Amino acid sequence: MANGGSTNRPRAQAGIWPPRAAPVAGVSRPSSAFWPSLLATWQQWIHAEAGPGRLLPWVPVAFGTGIALYFSAGREPVAWVTAATAVLLCGVAFLSRRRNWFPLLVMIAAIASGFAVISLKTARIAHGVLARPLYSVALSGFVETHEERERTDRFVLRVASMESPRSQLKLERVRLSVKKGTAPGVGSFVQLKARLQPPLSPLRPGSYDFGRDLYFQGIGASGFVTGGIKVADPPTEPGWRLRYAATMQGLRDAIDGRIRTVLSGDARAIATALLTGRRDAISAPVNDAMFISGLGHVLSISGYHMAVVAGVVFFAVRALLALIPILTVTFPIKKWAAAAALAAALFYLLLSGAEVATQRSFFMTAVVLIAIMVDRRAITFRTLAVAAMVVLAMAPEALVHPSFQMSFAATLGLVALVQIGMPVLFASPDHSATARVALWGGRELAMLVLASLVAGLATTPYAAFHFHRVTPYGVLANLLAMPVVSALVMPAGLLGLAAMPFGLDGVFWRLMEFGIQWMIVVTQWVAALPGAIGRVTAFGSGPLVAASAGLILLGLLRTPLRFTGAGMLALSMAWAMLVAPPDILISGDGHSVAVRGRDGRLHLMRSAKDSFLLKEWLAADADPRSPDDASLAEGVSCDSAGCITALADGRLVALTLRSDAFADDCVQAALIVTARQPPNGCAAPLISFATLQSRGGMVLRGYQGRFVAEEVRPNGVDRPWSPAGPEVAEPQAGGALPAGRPVDATPAETDVQAEDQ
């Protein structure tokens, strides 16, 4: 040939991949080419999702899956076995890093690592948990934390000595409530007597496990002080942790004291909450309105607050340094400003108490600022992945906490908005119409609306699961309140902190109050709108897992495979709506039984008052009634021998209080709940007090003439925070009063709350 090429060389052809089979002459087969093409397209998408740089964001997802599997186990795993398995799988994944199956092995190793990390932490912090109430327990120890609440104060005591006539248990920490104004100072050593109760179990199957939460805080019992609290000389010097806690608590008290001299009421409480993280003094009506309106996130220091603190410091320092021309030309002032913002964020983390949401937001903010200092892109999914891994490695138990779930869901949505949504929405900034809108702040307003909408939608499944409500007007409340909080409240608070040493902080607290009052007006107005309280019935963990998977797929995938996440979300919603409400609810102590009547609502039989329990039951049933609503007793017949009421099908349920009531109940009732010993030959199904003690609270659903039970502690479940065996106890911390005459700290009976008993 003229070009000297070989005549045997095959000629290159332009074509498509994958190649299509040649059609048979005279026969049209569109369907024969469709399925191979679809399969090839899916393979391309999967390969793209598993490509370079796409693996890291999935590692914390797999790590968290391992933690979730740990909490779903019925019995405690063997820690060293889980650790050895994780090390082995990590080694296999490392050795296979050049193989095609490396991504799969990394995910398996990450799951095993998450399982092992939480197992090892549980073994490391192992301590006893109180199994039965103790009265008149003599305690002495150091006060570790202190918090104010609306009706009582509460503190944690690190126990040095414990004496009880009924038990030889030795607790490490206990959480105690006292009459307002009588709580001892952090770091002090006190002697007192208290009534202790086991940590509160879930109030119904699937509800939040308070005992598990306290276990990972190192607390084994809760209760309240009886009598006076006496200061004493400590037998040993407090450690550095206690001295640090006392120093930070003193700083928080000083800030609150300065704010208190200028502000009062909810304005003072919210200002203190925004700066120090202490939000327990906010009145119940305002607190409820904040969450109903969708502004409750303002009260929990998280990503928004950390971003404002870091952003204000970053731009302020950079602007000040830019005033000096020689610094602008010679030195990297942007990096200096990022370092100053990082230091401010760290101080804010320590000042606010370093809760899980605050830790997550700090680590993510730190990664962003460090990226600025090393000239890397800041807001990416890798940033979120690193922050998630750090938080889960340090506090793996945070995975099952609402603040972690809602915080990361909102952040995932916002990062996806920045990475995916913004380039699409503002792809043509030079378009004349777009430019004109941007000049009037339209882009900023659009981003604020989208950010509120995305964050609200991302957190909706978790708010519905944990709190049984959604916020229909959340976007409206955020649009009206958040610009004022961002531009006035938080900057004024930071300036107030900076001006405190000079005594010039008063004016900034007044500015802060102006913005807070506006926020309160907005939240109360929105909370009062028709339909502002979106109630949701309890739907179990299955739909929540499906919704979480959907959000992750929508956020992390890049190809059209992401729309499988939308399918998962639709599945989760359908699943949640199909969950049948229970016919009977029984409390763990057997004192309260709720029965669904013919009107579809719950009717209550009880031998003791427990408003906290009833509030949770009604919320989980999407029932707007209050615990003291008279309609709860409609259709219930009670006397000294017990109570009886009818199910929707007319069958009777009895709460039997005296033995002489069995003669009628065993014949008439379809179910008996009692703490008494029934007579031989009782025909009715019976749930005894002993059963409730071992299994916890129950919900029952009618199925083909019988009841199917779901229990808080199904038979065989034995975990450290909910042991099935003999009594074990876990400690709580406490503190001291100034030297002098003991002050009676016994709270009034009407002020003692459910978790204190």
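Note that the structure is predicted; figures quoted are calculated from it, not measured. Numbers for residues simply follow the sequence, beginning at 1. These numbers come from the heavy atoms of this one structure, side chains and all, not from hydrogens, waters or symmetry mates.
- A distance-only check finds no donor-acceptor pair linking the side chain of S407 to the backbone of F404 [under 3.5 Å].
- For the atom pair OG1 (T691) and CD (E711), the distance works out to 8.5 Å, reported to the nearest 0.5 Å.
- Side chains of R713 and S201 form a contact here, defined as non-hydrogen atoms less than 4.5 Å apart.
- Without hydrogens or angle criteria, H468 side chain to D621 main chain gives no donor-acceptor distance under 3.5 Å.
- Using a 4.5 Å cut-off on side-chain heavy atoms (C-beta onward), F408 and L384 make contact.
- Taking the six-membered ring for Trp and thresholds of 30 and 60 degrees, F71 and W721 have ring planes inclined between 30 and 60 degrees apart.
- When every heavy atom of T459 is checked against every heavy atom of A410, the shortest pair comes out as CG2-CB, 3.8 Å.
- Between the side chain of K121 and the backbone N or O of A116 there is no donor-acceptor pair closer than 3.5 Å.
- Judged by the 6.0 Å and 45° rule, R97 forms a cation-pi pair with F94.
- The main-chain N or O of L561 is found under 3.5 Å from a side-chain atom of T564 such that the two form a donor-acceptor pair.
- With I533 as the fixed residue, the side-chain contact (heavy atoms from CB on, under 4.5 Å) test singles out one of V470, I292, T471, D288: I292.
- More than 12 heavy-atom neighbours from other residues, nucleotides or ligands sit within 6.0 angstrom of CZ on R469.
- No donor-acceptor pair under 3.5 Å is formed between the side chain of S119 and the backbone N or O of P77.
- Salt bridge R535/D623: absent, no basic N to carboxylate O contact under 4.0 Å.
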Show your working on side chain to side chain contact (heavy atoms under 4.5 Å, CB included) between M406 and H297 and close with a plain yes or no. CA-CA 10 Å; M406 297 180 73; H297 64 91; over 6 Å; no
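- A distance of 12.0 Å separates CG of D589 from CZ of R606, quoted to the nearest 0.5 Å.
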Evaluate the side-chain hydrogen bond (donor to acceptor under 3.5 Å, both in side chains) criterion for residues Y215 and S722: first the C-alpha distance (whole Å), next the side-chain angles of each, then the deciding distance (0.1 Å), finally the verdict. CA-CA 9 Å; Y215 182 86; S722 182; over 6 Å; no
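- Minimum heavy-atom separation, P199 to L214: CB-CD1, 3.9 Å.
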Walk me through it: do Y244 and Q249 pass the test side-chain hydrogen bond (donor to acceptor under 3.5 Å, both in side chains)? CA-CA 8 Å; Y244 161 77; Q249 186 65 42; over 6 Å; no
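- Minimum heavy-atom separation, M568 to L553: CG-CD1, 4.0 Å.
- Taking each heavy atom of A93 and A109 in turn, the nearest pair found is CB-CB, 4.3 Å.
- Using modelled atom types, one side-chain atom of T460 and one backbone atom of G456 make a donor-acceptor pair closer than 3.5 Å.
- Judged by distance alone, with hydrogens and angles left aside, the side-chain atoms of W617 form no donor-acceptor pair with the main-chain N or O of I586 at under 3.5 Å.
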Take V59 and M107 through the side chain to side chain contact (heavy atoms under 4.5 Å, CB included) test and state the conclusion after the steps. CA-CA 6 Å; V59 173; M107 295 298 102; 3.9 Å; yes
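- For A576, the side chain to side chain contact (heavy atoms under 4.5 Å, CB included) partners at least two apart in sequence or on another chain are F539, P543.
- Note: L55 CG to L104 CG = 10.5 Å, rounded to the nearest 0.5 Å.
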Side chain to side chain contact (heavy atoms under 4.5 Å, CB included) for S222 and L176? Distances and angles first, verdict last. CA-CA 6 Å; S222 59; L176 301 171; over 6 Å; no
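- Of all heavy-atom pairs between A62 and A110, the closest is CB-CB, 3.6 Å.
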Walk me through whether V699 and I584 qualify under side chain to side chain contact (heavy atoms under 4.5 Å, CB included). CA-CA 6 Å; V699 299; I584 303 172; over 6 Å; no
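- L299 contributes atom CG, which lies 4.5 Å from atom CD1 of I282 (distance to the nearest 0.5 angstrom).
- Under the 4.5 Å side-chain criterion, counting only non-hydrogen atoms from C-beta, Q197 is not in contact with L130.
- When every heavy atom of A547 is checked against every heavy atom of L569, the shortest pair comes out as O-CD2, 3.5 Å.
- Side-chain atoms of S207 come within 3.5 Å of backbone atoms of R204 as a donor-acceptor pair (strictly under, hydrogens ignored).
- A distance-only check finds no donor-acceptor pair linking the side chain of T276 to the backbone of A273 [under 3.5 Å].
- V106 is not listed as a side-chain neighbour of W58, based on a closest heavy-atom distance of 4.5 Å or more.
- Side-chain contact check for R212 versus F216: some heavy-atom pair is nearer than 4.5 Å.
- Using bins of under 30°, 30° to 60° and over 60° for the plane-to-plane angle, the ring pair F467/F291 lands in the tilted bin.
- The CE atom of M389 lies 7.5 Å from the OG atom of S113; values are rounded to the nearest 0.5 Å.
- Residue T65 holds its OG1 atom at 7.0 Å from CG of L69, rounded to the nearest 0.5 Å.
- Residues L544 and S572 are not in side-chain contact: their nearest non-hydrogen atoms beyond the backbone lie 4.5 Å or more apart.
- E76 and Y70 are linked by a side-chain donor-acceptor pair at a separation below 3.5 angstrom, with hydrogens and angles left out of the test.
- Using a cutoff of 4.0 Å between basic side-chain nitrogens and carboxylate oxygens, R701 and D583 are not scored as salt-bridged.
- Inter-residue side-chain proximity for W80 and L120 is flagged as unmet; no heavy-atom pair is nearer than 4.5 Å.
- Using modelled atom types, one side-chain atom of R558 and one backbone atom of L556 make a donor-acceptor pair closer than 3.5 Å.
- Counting only heavy atoms from C-beta outward, the side chains of T152 and F224 never approach each other to under 4.5 Å.
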